[in-house]
Q: 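Let me give you the structure first, and then I'll get to my questions.
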Amino acid sequence: MKIDPITQSIVWNTLVSIAEEMGSTLRRTAFSEAVREADDFSTGVFDRRGRLLAQGNFTPGHLGSMPAVVGTVSAMYPPETLSPGDAVILNDSALGSGHFPDFYMVTPAFVDGAFSGWIVNIAHHVDVGGAAPGSQKVMGVTEAFQEGIRILPVKLVRQGAFDPEILRLITGNVRIPAAVEGDLAAQRNANEVGVARFADLIRQVGTETLDAAIDAILDASEARMRARIAEVPDGTYSFDDVLDGLGEGEEGLIPVAVDVTVAGDRIRIDFSRSGDQVAAAINAYFNYTRAHGFFAIKVFTDPSLPQNEGGLRAIEVTAREGCFFNPTFPAPSGGRAAIQIRIFELINGAMAKALPDKVMAAFSHWSNPILSGIDEETGARFIYYDLIFGGYGARAAADGLEGTAPVINCANIPVEVHETHNPVIIHQLSLRPDTGGAGRTRGGCGIAKDIELLAGKGTLTLLGDRHVKAPYGLFDGKPGALASSTLVRDGKEIALQSKQLVDMRRGDVLRLRLAGAGGYGPAWERDPEKIRADLADGYITADGALRDYEHRDTKA
């Protein structure tokens, strides 16, 4: 069946709008700051064959895992075993996106009694039990069974209502049951909206027209992606790096590596040279690795290409079994969020040799501290869940952005929200001058944040990186400044590791300093007017300007 361009455009834009409206519903009805404020969720629409049709503009690590999740759910729950209003959930690390806090909800779309597709969302829950509040403790966790409640695919929602026994089992194993139950309800709400809108589309255009439009959309996306890949010079491009790992300083660094092979209109990303999986909760299960591989290639070839199955057909991601990027169960992975940026940066470093004008220097990384205790005013447990984002790496023609989430479409959570819902005071949230790597274009600045605990005591899980090896610069650009984490107690500063469990008490201040991002190109090529503008805006100081750009006239 031939589809005219207008019909194809209407179908495509409607599919995208469905995924976006699902996201709006999830955000507006969620209970936790992680979902409501930080946008740590994603949405997708699939046809009855399990093909990804469209996604909301949310987190790549979630969305790239969805096709595997739908395949698993549809095999365990064939459509004929489901009814309208049913929904299946799972959070298993290997089956999902890599750690237990991410709950997928998969809902069959029945239209006038006929199974027509799958509506899917994922949300990060602030706690799912395990060894530490927030369920993302890295050090001291040696197997997945220590990380919280593990849910293999199970029918949680039956004809629109939660199964009370399964829900009771889940909420009985988490520290803040009301927030988890509330966010699960928001996920159900979002999928109900998605099913209703998908049904409207089918009734509007008919199943036969929709199927033909989907085939045309996916084939067009594949052709466009293959054409963009064919423009990349053939060859194998490699990059090696290390992650902050299992000890202080150089001890415990985790070696990571990638080889990207371009051959005609296909591309292969291989992480097999990376080190082995580790006995700490930071391993990247393969779904998660593959998702960010897909995302990176899309960024470097055709960022505006529709995100659907067609655009992924020409990309292969692989990693040897048992390596850091393809661990075997029960490898722990609760803190795997700390390395999503590093997956992208490996591929970015490799592609710099093939596409120097499209890549960027390394990000400042980010910090994901989780602080929990008892709020003495209410007597209730609190979980302060934070996402702190710093600077982007410099690009060939532009400086790095400031205070922006890299790789994930999340956001810095407002100070007012944290202080309203948790016994904390945020004494500082500011840019760190002189931390962005110098270059022809400058790396984005790191972030400084100081958090004081007002409760009697609390448990802090630190999840960061770049304390040991600074974010790299490109083409003679300078690296960004290192990150640091410090506990200030009774006026004494105690240095912390990037991934650590810390006991805090009233009056303690957590001082987080995110790394600066890398610079691009030689510093001596930087436009003097841009140096003066940086001085005026506070991105650099006079001393920093003299240090990094002493060949230039840096007087304001």
Side-chain angles (χ1 to χ4, degrees), residues 32-34 36-38 40 124 126-127 132-139 175-176 179 244 335 337-338 364-378 380-391 402-405 410-433 435 445-467 481-516:
S32 71
E33 291 100 282
R36 189 183 63 245
E37 305 291 344
D40 200 348
H124 179 102
V126 291
D127 184 83
S135 312
Q136 294 185 192
K137 180 183 178 183
V138 173
M139 306 303 296
R175 293 176 175 86
I176 306 185
D244 289 5
S364 73
H365 204 267
W366 62 294
S367 185
N368 184 196
I370 303 171
L371 175 62
S372 179
I374 302 298
D375 188 334
E376 293 159 356
E377 291 189 2
T378 65
R381 178 182 286 275
F382 71 91
I383 292 184
Y384 169 98
Y385 178 91
D386 205 354
L387 298 175
I388 310 170
F389 300 108
E402 323 290 343
T404 304
C410 295
N412 285 293
I413 299 175
V415 167
E416 296 82 0
V417 171
H418 278 316
E419 293 184 338
T420 298
H421 296 286
N422 304 281
V424 299
I425 294 178
I426 312 299
H427 289 285
Q428 178 181 192
L429 179 61
S430 62
L431 299 180
R432 297 178 62 200
T435 57
C445 293
I447 292 284
K449 191 167 189 177
D450 294 349
I451 307 151
E452 180 181 352
L453 177 63
L454 302 182
K457 60 181 180 179
T459 300
L460 169 69
T461 300
L462 282 176
L463 194 59
D465 206 271
R466 293 297 191 186
H467 281 47
L482 284 171
S484 66
S485 301
T486 306
L487 182 69
V488 182
R489 174 174 291 170
D490 299 330
K492 181 181 178 181
E493 296 185 358
I494 304 168
L496 304 174
Q497 299 176 40
S498 63
K499 302 167 185 68
Q500 187 173 344
L501 190 69
V502 181
D503 289 327
M504 292 184 65
R505 63 193 190 200
R506 193 189 318 275
D508 285 354
V509 176
L510 174 63
R511 184 178 294 168
L512 296 172
R513 300 293 182 265
L514 270 64

Q: Are any of the side-chain heavy atoms of Leu462 and Leu510 separated by less than 4.5 Å?
A: yes
Q: Hey, does Ile388 have a side-chain heavy atom less than 4.5 Å from the side chain of Pro369?
A: yes
Q: Once rounded to the nearest 0.5 Å, what's the spacing between atom CD of Glu493 and atom CZ of Arg511?
A: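 With rounding to 0.5 Å, CD (Glu493) is 4.5 Å from CZ (Arg511).
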Q: Any donor-acceptor pair under 3.5 Å linking the side chain of Glu419 with the backbone of Ile426?
A: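 Looks like yes, one N/O pair under 3.5 Å.
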Q: Give a yes or no on whether the backbone of Gly403 and the side-chain of Asn412 come within a donor-acceptor separation of less than 3.5 Å.
A: yes
Q: Say whether, by atom type as modelled, one donor and one acceptor occur between the side chain of Asp244 and the main chain of Ser498 under 3.5 angstrom.
A: no
Q: Shortest non-hydrogen contact from Gly464 to His365?
A: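 Taking Gly464 first and His365 second, the nearest heavy atoms are C-CE1, 4.1 Å.
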Q: Do any N or O atoms from the side chain of Arg513 and from the backbone of Gly446 form a donor-acceptor pair under 3.5 angstrom?
A: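 No.
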Q: Short question: side chain of Thr420, backbone of His418 - any donor-acceptor pair under 3.5 Å?
A: no
Q: Test Val424 against every option in Leu454, Val415, Leu371, Asp386 by the side-chain contact (heavy atoms from CB on, under 4.5 Å) rule and name the one that passes.
A: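 That would be Leu371; it is the only one of Leu454, Val415, Leu371, Asp386 passing the side-chain contact (heavy atoms from CB on, under 4.5 Å) with Val424.
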Q: Under a 4.5 Å cut-off applied to non-hydrogen side-chain atoms, are Asp490 and Arg505 in contact?
A: yes
Q: Given Lys499, which of Asp465, Asn368, Thr461 fulfils the side chain to side chain donor-acceptor pair (under 3.5 Å) condition?
A: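 By the side chain to side chain donor-acceptor pair (under 3.5 Å) criterion, Lys499 pairs with just one of Asp465, Asn368, Thr461: Asp465.
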Q: I need the minimum non-hydrogen distance between Glu37 and Ala411, along with the two atoms involved.
A: O-CB, 4.2 Å
Q: Look only at the side chain of His427 and the backbone of Glu452, and say whether a donor-acceptor pair between them is shorter than 3.5 Å.
A: no
Q: Apply side chain to side chain contact (heavy atoms under 4.5 Å, CB included) to Trp366 and Leu387, showing your working.
A: CA-CA 7 Å; Trp366 62 294; Leu387 298 175; 3.1 Å; yes
Q: What's the separation between atom CG in Leu460 and atom CE in Met504, rounded to the nearest 0.5 Å?
A: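 Result: 6.0 Å between the selected atoms.
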Q: Taking C-beta and beyond as the side chain, do Pro133 and Arg381 meet within less than 4.5 Å on heavy atoms?
A: yes
Q: Side chains of Ile370 and Tyr385: closer than 4.5 Å at any heavy-atom pair?
A: yes
Q: Check whether the side chains of Ser364 and Arg466 place a donor and an acceptor atom closer than 3.5 Å, and report yes or no.
A: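 No, no side-chain donor-acceptor contact under 3.5 Å.
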Q: Write down the atom of Ser485, the atom of His467, and the distance for their closest heavy-atom approach.
A: OG-NE2, 3.0 Å
Q: So among Asp450, Thr486, Ile425, which one has a side-chain contact (heavy atoms from CB on, under 4.5 Å) with Val509?
A: Asp450
Q: I would like to know whether Thr459 and Asp503 meet side chain to side chain contact (heavy atoms under 4.5 Å, CB included); could you show each step before the answer?
A: CA-CA 5 Å; Thr459 300; Asp503 289 327; 4.1 Å; yes
Q: Hey, could you give me the CG/CD1 distance between Leu514 and Ile447, rounded to the nearest 0.5 Å?
A: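 So the CG of Leu514 and the CD1 of Ile447 are separated by 7.0 Å.
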Q: If you take all heavy atoms of Ala405 and Cys410, which pair is closest and at what distance?
A: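 So the minimum-distance heavy-atom pair works out to CB-O, 3.3 Å.
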Q: Hey, what do you get for CD1 (Ile451) to CG (Leu429), rounding to the nearest 0.5 Å?
A: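 Between atom CD1 of Ile451 and atom CG of Leu429 there are 9.0 Å.
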Q: Check step by step if side-chain hydrogen bond (donor to acceptor under 3.5 Å, both in side chains) holds for Gln136 and His124.
A: CA-CA 12 Å; Gln136 294 185 192; His124 179 102; 3.2 Å; yes
Q: Could you give the distance from CZ (Arg432) to CG (Leu512), rounded to the nearest 0.5 Å?
A: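 Rounded to the nearest 0.5 Å, the CZ-CG separation comes out at 10.5 Å.
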Q: Of all heavy-atom pairs between Ile383 and Gly134, which one has the smallest distance, and what is that distance?
A: CD1-N, 4.1 Å
Q: Do the side chains of Phe382 and His421 get nearer than 4.5 Å, heavy atoms only?
A: no
Q: Please report the shortest heavy-atom distance between Gly335 and Leu463, naming the atom on each side.
A: O-CD1, 3.6 Å
Q: Sequence neighbours left out, what pairs pass salt bridge (Lys or Arg N to Asp or Glu O under 4.0 Å) with at least one residue falling in residues 364-378?
A: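 Sorted pair list: Glu376-Arg506.
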